[in-house]
Structures are given as C-alpha cells and as structure tokens.
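Scroll down for the structure; my scribbles are underneath it.
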Number of protein chains: 2
Amino acid sequence: MTTPQLTKNQSLVFDVLEKADGPLSAYTILDKLRDHGFRAPLQVYRALEKLLEYGVVHRLESINSFVACAHPGDDCHSHGIVAFAICESCGQVMEFHDHEVDHRLMAWVRGQKFKPEKTTIEIRGLCEACAA
Amino acid sequence: MTTPQLTKNQSLVFDVLEKADGPLSAYTILDKLRDHGFRAPLQVYRALEKLLEYGVVHRLESINSFVACAHPGDDCHSHGIVAFAICESCGQVMEFHDHEVDHRLMAWVRGQKFKPEKTTIEIRGLCEACAA
DNA sequence: ATCAATTGCGTTATGCTATAACGTGTGCAA
DNA sequence: TTGCACACGTTATAGCATAACGCAATTGAT
C-alpha cells in the first residue's frame with residue numbers, strides 16, 4: 001500500500017510520533033497537540049487509525065501505545081511480520097523482522113487453516129543499557 | 001514454578017476461565033462472579049495477577065482478555081514462549097508453542113544484549129470454521 | 001506467647017484507554 | 001445539483017486497570 005498525502009491531523013500526529021524517542025499513548029499525543037487545537041481523543045484515534053492503515057505507525061498492544069515505523073520511506077507491510085523489543089525501563093523500542101519466524105508462524109497457521117489478519121510479536125524486558 | 005493451593009477468589013476466577021469457551025475480560029469475569037460475592041474489579045485483578053504468576057492463566061494483550069492455560073496440569077513456563085491464534089469472529093483461542101520461533105527470537109535478543117522478561121505472540125484472524 | 005512481616009481480602013475512588021453517536025463542511029463524480 | 005465519501009469537531013459514554021486505605025488471617029522468628 002502506498003501512503004497518500006496525509007491530512008492536517010494525520011500529519012500532526014505523525015510528527016509527534018516521529019519526534020518522540022519512544023512509544024506514546026493516544027492521550028499523551030493528545031496533550032502534545034492541545035496547542036495545535038486538539039481537544040478530544042477521537043481526533044487522535046482517527047488519525048492513528050489511518051496512519052496504522054498506511055503502515056507508517058505501529059501499535060504496541062502490550063503497552064497501549066504507538067510508535068512511528070522505524071523504516072522511513074519504506075512500506076512496512078512488505079517486510080512481513082514486525083516484531084518489537086520494548087525496554088520497560090527507558091521505553092526505547094527496537095523494531096525488527098525475522099523471516100524465519102514469519103515462516104514458522106505462517107506454517108503453523110496454514111496447518112490449522114487459520115486465516116491471519118494481524119500478528120503481534122512484542123518482547124518486553126530491559127535493553128542493554130538498562131540491564132547493566 | 002509449582003502452583004500453590006489457590007485461595008477462594010483465585011479458585012473462583014480460575015474456574016470461570018476454565019469453563020469458558022474463550023477468553024474473558026476482567027469485567028466479564030466480575031459479572032459472572034457477582035453471585036459469589038464479587039463486587040469490585042480489584043477482586044478479579046488480584047486473583048488474575050496470581051494466576052498469571054503461577055502460569056495457569058494467560059493474558060491476551062491484544063484483546064485485553066484472559067484464558068486458562070491449554071495445558072492442564074502442565075507447567076506452561078517450561079514450554080518456552082506461548083503463542084496464540086485468536087479468532088476475531090467466534091472468539092476461540094488456540095495456544096501453541098514453536099521452539100524454532102523461540103530460538104530465533106532469543107537469538108535476536110542475545111545479539112542485542114536485550115534481557116527479555118515477557119514475550120507476546122498473538123495472531124488475530126479467522127479460524128477455519130469462521131473463514132469458510 | 002508475642003511481635004513483626006506477609007498475604008489475601010473488601011471498599012471507595014480515580015485514572016487511563018477507546019468508541020458511539022451526532023452533526024458540519026468540503027470535494028468530487030454521476 | 002445531487003449524492004457520496006471522507007475528514008473533522010463535539011459530547012457523552014463504555015471499557016480496562018490501579019491507587020490508597022483499612023482489616024483479618026497466617027506464619028515464623030525471637
């Protein structure tokens with residue numbers, strides 16, 4: 001999927017996420033955009049919905065937060081399943097792909113005739129710096 | 001970890017999850033236990049916290065729900081990472097393990113010197129019956 | 001025995017996350 | 001110019017989770 005021109009709200013939300021050094025909750029984004037006229041959660045959630053659809057933002061299910069995709073300009077959908085390592089101390093997120101993991105999960109799925117729509121892989125723990 | 005004797009509340013919550021044919025939210029569990037004297041969410045969450053610790057219940061991060069472990073009597077922790085396939089139509093959950101997936105993820109983690117605490121793998125989609 | 005620490009429990013209140021439902025305006029194609 | 005699709009704004013509400021207080025039972029060390 002190619003990313004269409006973003007609307008004003010979508011751009012604002014995306015910019016906030018890109019400039020952040022870690023994942024943000026929808027309400028944190030809302031607070032950061034109050035000066036730009038944002039008043040209600042829905043303004044954020046609606047923008048996020050589109051940004052997720054375009055693949056330029058990821059949702060971290062295990063911490064109810066959102067991050068800009070780590071592959072600027074890339075179409076994240078083409079990388080297969082995206083996996084995340086989330087540091088519970090500093091909040092840093094590392095995004096990676098492993099085709100063998102994809103392959104194994106998809107093999108299992110085929111065996112069950114399960115039709116996957118969205119797959120989540122999230123590793124929570126401590127990054128190298130914080131574990132020291 | 002071996003599972004100690006469950007307390008009254010823990011048993012009630014666990015029984016509800018075991019008898020359910022799919023994942024339940026904490027508030028759904030609460031409603032099912034009102035007749036047994038449950039009045040507040042914390043009664044459920046506190047029991048769940050212990051049941052998760054004992055490994056007899058899993059939390060599905062992507063749908064904010066809980067399921068009894070599919071391996072009765074077993075110690076789930078010994079199976080490595082647990083993965084779930086969640087049908088978004090009928091709510092059924094399949095639990096599985098894949099050592100190769102574990103291995104690949106742990107290899108990545110080692111390469112980054114990341115210290116994993118809890119890993120989530122959840123595939124949402126349609127089960128065979130619902131996809132037909 | 002008794003004291004201290006731990007654990008489970010109950011209650012009230014609160015905070016965080018997400019969506020429903022309504023209406024407005026704009027651009028575009030039939 | 002009518003109808004449709006889409007973005008947007010607002011209010012209200014639903015759903016998920018925990019903080020903070022206090023009480024009771026258990027356990028284990030002194």
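Chain identifiers are assigned alphabetically (A, B, ...) following the order of the sequence lines, protein sequences preceding nucleic acid strands; residue numbering begins at 1 within each chain.
- Contact annotation: Y27(B) side-chain N/O to dG15(D) OP1/OP2 distance is not under 4.0 Å.
- For N9(B), a side-chain nitrogen or oxygen approaches OP1 or OP2 of dG10(C) to under 4.0 Å.
- Counting non-hydrogen atoms under 4.0 angstrom, R46(A) reaches a base of the nucleic acid.
- Atom C1' of nucleotide dA17(D) and atom CG of L42(B) are separated by 8 Å, given to the nearest angstrom.
- Residue Q43(B) places at least one side-chain N or O under 4.0 Å from the OP1 or OP2 atom of dG10(C).
- Distance CG (L48(B)) to P (dC9(C)): 12 Å, rounded to an integer number of Å.
- Summarising the geometry, the separation between CD on E49(B) and C1' on dC16(D) is reported as 15 Å, rounded to the nearest angstrom.
- Taking the side chain as every heavy atom from C-beta outward, I121(B) and L105(B) approach each other to under 4.5 Å.
- The separation between I63(B) atom CD1 and dG15(D) atom C1' is 14 Å, rounded to whole Å.
- When the nucleotides dT12(C), dA18(C), dC16(D) are ranked by their closest atom to the side chain of N64(B), dC16(D) comes out on top.
- Residues A26(A) and F38(B) both approach DNA chain C. Their nearest nucleotides, taken by heavy-atom distance, put F38(B) toward the 5′ side.
- A donor-acceptor pair under 3.5 Å links the side-chain atoms of E95(B) to the main chain of A70(B), judged by distance alone.
- W108(B) and L60(A) are assigned to two separate hydrophobic clusters, defined by single-linkage of ILVMFWY side chains at heavy-atom distances under 4.5 Å.
- Contact check, Y45(B) against dA17(D): a side-chain N or O comes under 4.0 Å of OP1 or OP2.
- With respect to the salt-bridge test (charged N to carboxylate O, under 4.0 angstrom), the residues R59(A) and E49(A) do not qualify.
- Residue G37(A) is the one, among S65(B) and G37(A), whose nearest nucleotide of DNA chain D lies closer to the 5' end (criterion: closest heavy atom).
- Toward the 5′ end of DNA chain D lies the nearest nucleotide of T7(A), the other residue of the pair P41(B) and T7(A) mapping further downstream.
- L6(A) places its CG atom 16 Å from the P atom of dC6(D), with the value rounded to the nearest Å.
- Between E61(A) atom CD and dT17(C) atom P there is a gap of 14 Å when expressed in whole angstrom units.
- As rounded to whole Å, 14 Å separates atom P of dA14(D) from atom CG of D31(B).
- Atom CG in L12(A) sits about 15 Å away from atom C1' in dG9(D), given to the nearest Å.
- Note on S25(B): every side-chain N or O is 4.0 Å or more away from OP1 and OP2 of dG15(D).
- Side-chain proximity of Y54(A) to dT12(C), dA7(D), dT10(D): nearest is dA7(D).
- Between Y45(B) and Y27(B), the two ring planes are perpendicular [angle over 60°; tilted spans 30° to 60°].
- The side chain of K8(B) places no N or O atom within less than 4.0 Å of a non-bridging phosphate oxygen (OP1 or OP2) of dG8(C).
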